[in-house]
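Worksheet: one structure, shown below.
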Amino acid sequence: MTSEALAGDLLRLRHDPPCPSTDDPGMAARVERARRLLQDVPTDLISTDGARELGIGCRELRVLGARGELTRLTHGWYALSAPATREELHALRAVAHLRRVREGSALSHQSAAIAHGLPVLDASLDRVWLAVPPPESRRVLKDVVHTDLRVESVRAVAPGTVSPVLAVPAAHAIVGTGLNGGARAFLAAGDAALRLGLVTRGSIEAAVGSARGLRGVGSVRAAVAHLDGRHESVGETLTRFALRLLGVAAEPQVTISGSDWSYRVDFVVDGDLVIEFDGAVKYDGAEGRDALVAEKVREDRIRSAGYRVLRVTWADVMDPRRLAGLVAAARDMG
């Protein structure tokens, strides 16, 4: 996610109800005292009630928030640090909302996927998703959705936080992410979880079965066949999925060797066409130039072994017609 998107999210969250107005000439000293007190708080976020117990008022919190020393998450809750990514901000917001609802509630859908350290693609981060026991379940609010708590929760530590929270199991988080974001979101999270050993194909299939009748489950069920923990990045997952939709069979993580070298490539098609997903690699500075030279040596060696090489980018993978043309042209070079 871009820094611009994160900045937009932070700006949207800054609107607080007004604090009681006071004409306090000692506000600067009070803010400095609040800052020192908050440095000793052994947690990742604090409520206005918790701050009040420390003798910190909402006006001091507001000033620290304006300085960027606190991050407002939702009404009455602040993070004690600045999130580095949209995913981190979402995780902090999710934990804040979780602490406002009934005990035993858990993070769900993409909120739980982030807590499990999984990538979230195509699923909105604007709303937090919680699994909540009745009677508070099945509520859709402005920035949070309450769903039924159907499974036993597990503990996870969300990015940007230090305290474990309850979340639905990773398999159910993956399915929930797919229900909201579609097949690509499901595969991105699912492949990562398989690679990390957080789930099995069987546990994901069981979670899909428990989602029977929910909107979007059809595309998720169809995507189960495409799951593959050998993919080492979201880009590789989406490349393989796009190739399959084009009817192109690609074998992932193939080792190609020479007399004194050996490389593992992302995909091999037709036995002699190497397809590599090329993420946002920058070749600036001395290290960048060294990386560029090493990459050229690698590609030259692979070609010398009788392979053609096609490099694809995010733009290629997201445009099926464009990808089909690139693959067809590479095949014609044989």
Side-chain angles (χ1 to χ4, degrees), residues 1 5 9 73-74 83 85-102 104-134 136-161 164-194 196 198-199 203-224 227 234 237:
M1 295 294 180
D9 287 348
L73 303 172
T74 185
T85 64
R86 290 194 73 204
E87 289 78 9
E88 229 178 74
L89 174 60
H90 182 92
L92 289 164
R93 290 177 53 225
V95 173
H97 280 286
L98 187 61
R99 294 183 181 179
R100 297 179 65 188
V101 296
R102 289 185 58 188
S105 301
L107 304 183
S108 185
H109 293 65
Q110 53 262 46
S111 300
I114 290 174
H116 286 295
L118 300 176
V120 172
L121 179 80
D122 295 341
S124 172
L125 299 183
D126 292 342
R127 280 178 170 161
V128 166
W129 286 75
L130 303 179
V132 182
E136 295 182 25
S137 56
R138 300 187 181 184
R139 297 174 62 193
V140 179
L141 306 175
K142 179 182 178 182
D143 55 356
V144 62
V145 178
H146 293 180
T147 64
D148 291 328
L149 182 60
R150 300 184 176 190
V151 295
E152 186 174 347
S153 304
V154 298
R155 291 195 173 275
V157 179
T161 69
V165 296
L166 290 179
V168 300
H172 291 269
I174 292 162
V175 172
T177 300
L179 295 177
N180 287 337
R184 295 192 308 182
F186 169 75
L187 290 171
D191 281 359
L194 286 170
L196 294 170
L198 299 179
V199 298
S203 67
I204 294 179
E205 289 173 345
V208 172
S210 71
R212 180 180 302 172
L214 297 180
R215 186 184 345 183
V217 72
S219 63
V220 169
R221 185 182 297 111
V224 169
L227 287 167
V234 172
T237 291

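The structure displayed is predicted, hence computed values, not measured ones.
- Closest of all the heavy-atom pairs between S203 and A171 is O-CB, 3.6 Å.
- The closest side-chain heavy-atom distance from V154 to H116 is below 4.5 Å.
- A heavy-atom distance below 4.5 Å is not found between the side chains of L125 and L89.
- With sequence neighbours left out, the side chain to side chain donor-acceptor pair (under 3.5 Å) criterion links T177 to no other residue.
- Side-chain atoms of S105 never come within 3.5 Å of backbone atoms of V132 as a donor-acceptor pair (strictly under, hydrogens ignored).
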Can you check side chain to side chain contact (heavy atoms under 4.5 Å, CB included) on L196 and L118, steps first, answer last? CA-CA 9 Å; L196 294 170; L118 300 176; 4.3 Å; yes

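- Judged by distance alone, the side chain of T147 and the main-chain N or O of L130 form a donor-acceptor pair under 3.5 Å.
- The side-chain heavy atoms of T74 and R100, taken from C-beta on, include a pair separated by under 4.5 Å.
- Counted by atom type alone, H172 and S108 present zero donor-acceptor pairs between their side chains at under 3.5 Å.
- The heavy-atom pair separating A91 from I114 by the smallest distance is CB-CG2, 4.0 Å.
- Not one N or O on the side chain of R184 forms a donor-acceptor pair closer than 3.5 Å with the backbone of D122.
- The minimum heavy-atom distance linking A188 with P119 is given by the pair O-CG, 3.4 Å.
- With a 4.5 Å cut-off on side-chain heavy atoms, V234 and L187 do not count as touching.
- Across every non-hydrogen atom of V199 and A193, the tightest pair is CG2-CB, 3.6 Å.
- In this structure the side chain of H97 reaches within 4.5 angstrom of the side chain of D143, judged on heavy atoms.
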Would you sort out whether R86 and D126 count as a salt bridge (Lys or Arg N to Asp or Glu O under 4.0 Å), showing the intermediate values? CA-CA 10 Å; R86 290 194 73 204; D126 292 342; 3.6 Å; yes

Determine whether L227 and D191 satisfy the following criterion, side chain to side chain contact (heavy atoms under 4.5 Å, CB included), listing intermediate values before the conclusion. CA-CA 6 Å; L227 287 167; D191 281 359; 3.7 Å; yes

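- Rounded to the nearest 0.5 angstrom, L214 CG and L179 CG are separated by 6.0 Å.
- Summarising the geometry of A173 relative to V168, their closest heavy-atom pair is N-CG2, 3.8 Å, with the distance given to 0.1 Å.
- When all heavy atoms are compared, the tightest approach of W129 to S111 is N-OG, 2.9 Å.
- Exactly one of Q110, R215, R127 qualifies for a side-chain hydrogen bond (donor to acceptor under 3.5 Å, both in side chains) with N180. That residue is Q110.
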